[in-house]
Amino acid sequence: MKIASWNVNSLKVRLDHVLQWLDTAQPDVLALQETKMTDDVFPLEAIRQAGYQVVFSGQKTYNGVAILAKSQPEDVITDIPDLDDPQRRILAATVDDVRIIDLYVVNGSAPGTEKFAYKLDWLNKVTAFIEQQKTEYEDVVVLGDFNIAPDDRDVHDPVKWHEKILCTTEERQALNRILDLGFQDSFRYLHDEDGFFSWWDYRMNGFARGLGLRIDLILSTDEMSEAITASYIDVEPRKWERPSDHTPVVTEFDW
DNA sequence: ATGGTGGGGAACCCA
C-alpha cells in the first residue's frame, strides 16, 4: 500500500500537477491539503477519470482537505469533538481497512500570537481525536501538512530557525504527544540523515537555494511501521512550472 | 528589522 500527502496550495491551480503525479506515482491513497475551494466546484470528474475515488471538505479561499484513493473512502469525518471550527483542516476516512486521518495543521504565524495559541489548542484537540480513532480502528495513518519540523535534522538552518514558528519546542512537544500514542514518523523509520525537505518558501528563491523544512509527515502506527518498505520525498513536482511550495511525501507499506 | 513570492479575490489576508 502506497500512501502519499501533498499540500497543493490551491487545487484549482495545481489540478494538472496532481493528475500528472497520480499518473506516474500511482499511490493507493493521496491526501491533499490547501485545496482552497468549496465542495460545489471540486474537480470530481477529472479525478475519477484518473482512476481515483475522492472525498473532500473544503471552504472558500483558505484551507480545504481531500482524500483520493483507488478504493472508495468510507466512514468520513470532517469535524471532531470540542472543536467547533469553520476552518476545513480535518478529514478522516477508511480506505481498505486503514483509517486515514488527513490534517492541515494550523500554521501559527509566530510564537506568542493568538494564532500560535490556536495552533496548540487545535493540536491538543486533534490529538484527543487521534487517540479516540486509535481505539476504534486498529490500523491508522495520520498524514498531512503538520507545519512542524520534528527536529533540527528537518531544518536547513537550525540556528536561524531556533524557536521560530514551525520549529518551537512547544510545537515539537505537541507532535511528540501524537507520536506517543503509538505512531512512527515513517520517513524517520528508514532515514536518519538531515537535509530532506518537503517545503521551501516561494520567497528569496528558497527552493533553488535549498532553504527548506520537512513539515509534511506520514505517521503510521507502530505495527504498520514494521511493514514500511520505502519512505521518501518526491521533489520533482517542486521543479515543475508554477509549483506548489510543498512537494509530495510518500510511504510504501507491505500491507 | 524588514521583506521577499504566490494564491485568493478584488483591498488585504494568509502562508
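Per chain, numbering begins at 1; letters A, B, ... match sequence-line order.
- Remark on DNA chain B: of its neighbouring residues A:V13 and A:D245, the 5'-side contact belongs to A:V13, judged by nearest-heavy-atom nucleotide.
- Going from atom CD of A:Q33 over to atom P of B:dA15 covers 14 Å, rounded to whole Å.
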Between the protein and nucleotides 2-5 of chain B, list the N/O to N/O atom pairs that are separated by less than 3.5 angstrom.
| unit_1 | atom_1 | unit_2 | atom_2 | d |
| --- | --- | --- | --- | --- |
| B:dG4 | O6 | A:R203 | NH1 | 3.2 |

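- Comparing B:dG3 with B:dC13, their P atoms sit 15 Å apart, to the nearest whole Å.
- A:T94 and A:R99 share a side-chain donor-acceptor pair at under 3.5 Å.
- In this structure, A:M37 atom CE and B:dG7 atom P are separated by 13 Å, rounded to whole Å.
- Regarding A:W240, its CH2 atom lies at a distance of 18 Å from the P atom of B:dG6, rounded to whole Å.
- Taking the C1' atoms as reference points, B:dA11 lies 15 Å from B:dG7, given to the whole Å.
- Taking the P atoms as reference points, B:dG6 lies 23 Å from B:dT2, given to the whole Å.
- Summarising the geometry, the separation between CD on A:E171 and P on B:dA15 is reported as 12 Å, rounded to the nearest angstrom.
- Every residue two or more places apart in sequence or in another chain that forms a ring-ring contact (aromatic ring centres under 6.0 Å, His included) with A:H191 is listed here: A:F187.
- Between A:R14 atom CZ and B:dG6 atom P the separation is 10 Å, expressed in whole Å.
- In this structure, A:K164 places its NZ atom 11 Å from C1' of B:dA1, rounding to the nearest Å.
- Of the possible donor and acceptor atoms, none in the side chain of A:D23 sits under 3.5 Å from a partner among the backbone N and O of A:Q20.
- As a whole-Å value, the separation of A:E34 CD from B:dG8 P is 10 Å.
- Annotation: of the two residues near DNA chain B, A:N9 and A:H246, the 5′-most nearest-nucleotide partner is A:N9.
- When atom types are taken as modelled, the side chain of A:R14 and the backbone of A:V8 share a donor-acceptor pair closer than 3.5 angstrom.
- Nucleic acid contact for A:R238: none, since no nucleic acid atom lies under 4.0 Å from a heavy atom of the residue.
- Residues A:N63 and A:E34 have side chains that never bring a donor and an acceptor to within less than 3.5 angstrom of each other.
- Separating the NZ atom of A:K119 from the C1' atom of B:dA15 is a distance of 11 Å, rounded to the nearest angstrom.
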Between the protein and nucleotides 9-11 of chain B, which nitrogen or oxygen pairs are less than 3.5 angstrom apart?
| unit_1 | atom_1 | unit_2 | atom_2 | d |
| --- | --- | --- | --- | --- |
| B:dG9 | OP1 | A:T61 | OG1 | 3.2 |

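- Rounded to whole Å, the C1' atom of B:dC14 lies 15 Å from the corresponding atom of B:dG4.
- Among the protein residues, A:Y104 comes within range of the sugar-phosphate backbone only, with heavy atoms under 4.0 Å from sugar or phosphate atoms but none that close to a base.
- Annotation: A:H17 is in aromatic contact with A:W240 [ring centroid separation under 6.0 Å].
- Using a distance-only test at 3.5 Å, with no hydrogens or angles considered, a donor-acceptor pair links the side chain of A:Q33 to the main chain of A:N7.
- For the residue pair A:Y118 and A:D85, a side-chain donor N or O sits within less than 3.5 Å of a side-chain acceptor on the partner.
- Across all non-hydrogen atoms, the minimal contact from A:Q53 to A:P73 is CB-CD, 3.7 Å.
- Between the side chains of A:D96 and A:S71, at least one donor N or O lies within less than 3.5 Å of an accepting N or O.
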